[in-house]
Amino acid sequence: MLCVTIPTSSPLAWLIVFVAFAGFFALASSDGTTDSAVISLLTSNQSEVVVGFYWVGECSMSDGSSIDKNGMVVRVGGKTSNRVILFKEGNAVKIGLSDIQNSDEGEITCQPKNKPESKPFHLAVLSNVPPTVNDLPSVVNVVKGSPARVCARVTFYGPVSGYLVSVKDGIPVTSIWKHLSGSNMVCFTIRNPSPAKLQGRYKVKVLVKNVYDVTSDTAVTFRFLPATTAVATTTVATTKNDSTSSRTHQDPTSRTVKTPNPVTASLPGTLSADRSEER
């Protein structure tokens with residue numbers, strides 16, 4: 001046994017002893033982990049969801065290590081739910097919560113097997129919130145022979161069905177189905193348009209399940225523009241006095257028709273559409 005004599009009159013000596021004992025006890029009580037322990041995370045880009053729709057989050061580890069969905073516990077408002085669906089994606093686990101209810105509002109956590117529970121993610125549940133349709137241009141120019149394209153901004157948290165309908169008779173011209181979350185551009189493309197087919201004014205109509213049926217306040221008119229033409233220039237070689245010369249002239253029988261891209265209204269945001277089909 002090693003005995004050490006400590007001069008009680010030396011403050012420095014007592015400081016050294018204190019530091020040594022503190023280090024010994026910290027090492028004895030340590031389980032090998034560090035202060036920056038790996039934690040589980042729950043993230044989502046949907047902080048608000050409408051009643052009856054779907055929420056998606058992701059459970060992962062702060063150090064990027066892989067976790068399994070087996071044994072994972074997801075709590076919604078402090079309770080487990082049979083409406084939770086888990087599926088593996090890379091090192092993380094995707095979490096789906098279907099058929100959102102008012103009681104789902106509050107904190108959602110995930111806890112992988114043998115891992116700490118994540119910090120709560122706060123979900124706000126919206127009810128009785130109809131969609132809105134904005135930024136529909138009043139006029140869209142269409143070049144003859146080119147498709148017609150019109151876009152509007154639809155704000156709603158959940159899937160919607162959008163239609164472009166005639167103001168006069170309300171017959172859908174083209175339709176699109178797109179999952180919208182937040183403010184998104186919904187675009188319609190009409191192939192092989194004609195003035196007779198697209199005469200009059202049109203509005204954007206949005207259907208949400210069997211709950212909402214909303215039509216834009218403004219209407220769009222399609223204005224058809226003629227295709228531009230350009231005279232082709234040709235080079236013709238002629239022979240005169242055994243010498244060859246070349247001359248350039250305009251050939252009135254040869255004309256090149258240039259069709260520019262269709263002109264659409266410039267709208268804010270990103271124009272995107274999952275699928276567009278003509279009716």
Side-chain angles (χ1 to χ4, degrees), residues 39-62 67-113 115-135 151-163 175-187 204-217 269-276:
I39 60 173
S40 56
L41 307 171
L42 180 59
T43 57
S44 174
N45 60 1
Q46 293 177 272
S47 59
E48 298 178 327
V49 182
V50 175
V51 169
F53 289 95
Y54 201 84
W55 176 85
V56 177
E58 179 180 283
C59 189
S60 61
M61 301 305 296
S62 59
I67 56 176
D68 193 5
K69 68 177 184 178
N70 296 325
M72 177 177 290
V73 178
V74 176
R75 296 180 177 88
V76 181
K79 302 177 182 179
T80 59
S81 173
N82 58 8
R83 291 179 287 112
V84 170
I85 302 174
L86 304 177
F87 49 98
K88 181 75 172 173
E89 185 172 287
N91 289 340
V93 173
K94 290 288 187 180
I95 302 172
L97 180 61
S98 63
D99 192 20
I100 294 293
Q101 302 173 9
N102 285 315
S103 58
D104 294 330
E105 180 163 298
E107 297 180 346
I108 302 177
T109 61
C110 68
Q111 184 173 9
K113 186 177 181 180
K115 302 291 184 181
E117 187 175 28
S118 68
K119 292 183 178 180
F121 178 89
H122 188 82
L123 176 66
V125 177
L126 309 177
S127 58
N128 299 322
V129 180
T132 60
V133 185
N134 300 297
D135 298 336
C151 299
R153 186 181 301 278
V154 178
T155 303
F156 191 73
Y157 295 88
V160 303
S161 178
Y163 296 93
S175 64
I176 183 172
W177 174 268
K178 183 181 178 183
H179 184 277
L180 299 178
S181 179
S183 297
N184 288 266
M185 302 304 295
V186 57
C187 298
V204 171
K205 184 177 184 180
V206 172
L207 304 178
V208 180
K209 291 189 173 181
N210 294 320
V211 181
Y212 299 114
D213 184 344
V214 178
T215 305
S216 60
D217 293 332
T270 302
L271 300 181
S272 62
D274 292 343
R275 180 170 60 87
S276 183

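Treat the numbers as computed from the prediction; the structure is a model and nothing was measured.
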Which residue, [options], forms the side-chain contact (heavy atoms from CB on, under 4.5 Å) with [X]?
| X | options | value |
| --- | --- | --- |
| Pro131 | Val208, Leu207, Asp213 | Val208 |
| Phe121 | Ile95, Leu42, Thr43 | Leu42 |
| Trp55 | Leu97, Asp104, Val76, Val84 | Leu97 |

Let me confirm one number: the [atom1]-[atom2] distance from [X] to [Y], rounded to the nearest 0.5 Å.
| X | Y | atom1 | atom2 | answer |
| --- | --- | --- | --- | --- |
| Cys110 | Lys94 | SG | NZ | 12.0 Å |
| Arg75 | Ser81 | CZ | OG | 13.0 Å |
| Met61 | Ile67 | CE | CD1 | 6.5 Å |
| Ser62 | Leu41 | OG | CG | 5.5 Å |
| Cys59 | Glu117 | SG | CD | 9.5 Å |
| Ile100 | Glu48 | CD1 | CD | 12.5 Å |

NZ of Lys88: more than 12 outside heavy atoms within 6.0 angstrom? yes
Do you know the tightest heavy-atom contact between [X] and [Y]?
| X | Y | answer |
| --- | --- | --- |
| Tyr54 | Gly96 | OH-CA, 3.5 Å |
| Pro112 | Ser40 | CD-CB, 3.8 Å |
| Leu123 | Ile108 | CD2-CD1, 3.8 Å |
| Val56 | Gln46 | N-OE1, 3.0 Å |

Please determine whether side-chain contact (heavy atoms from CB on, under 4.5 Å) holds for the pair Val73 and Thr80, giving the CA-CA distance in whole Å, both sets of side-chain angles, and the decisive distance to 0.1 Å. CA-CA 7 Å; Val73 178; Thr80 59; 4.0 Å; yes
Hey, is the main chain of [Y] close enough, under 3.5 Å, to the side chain of [X] for a donor-acceptor pair?
| X | Y | result |
| --- | --- | --- |
| Arg83 | Ser98 | yes |
| Thr155 | Thr132 | no |
| Ser60 | Ala92 | no |

Quick one: are [X] and [Y] in side-chain contact, heavy atoms under 4.5 Å?
| X | Y | result |
| --- | --- | --- |
| Lys113 | Asn70 | no |
| Val125 | Val51 | yes |
| Ser127 | Asn102 | yes |

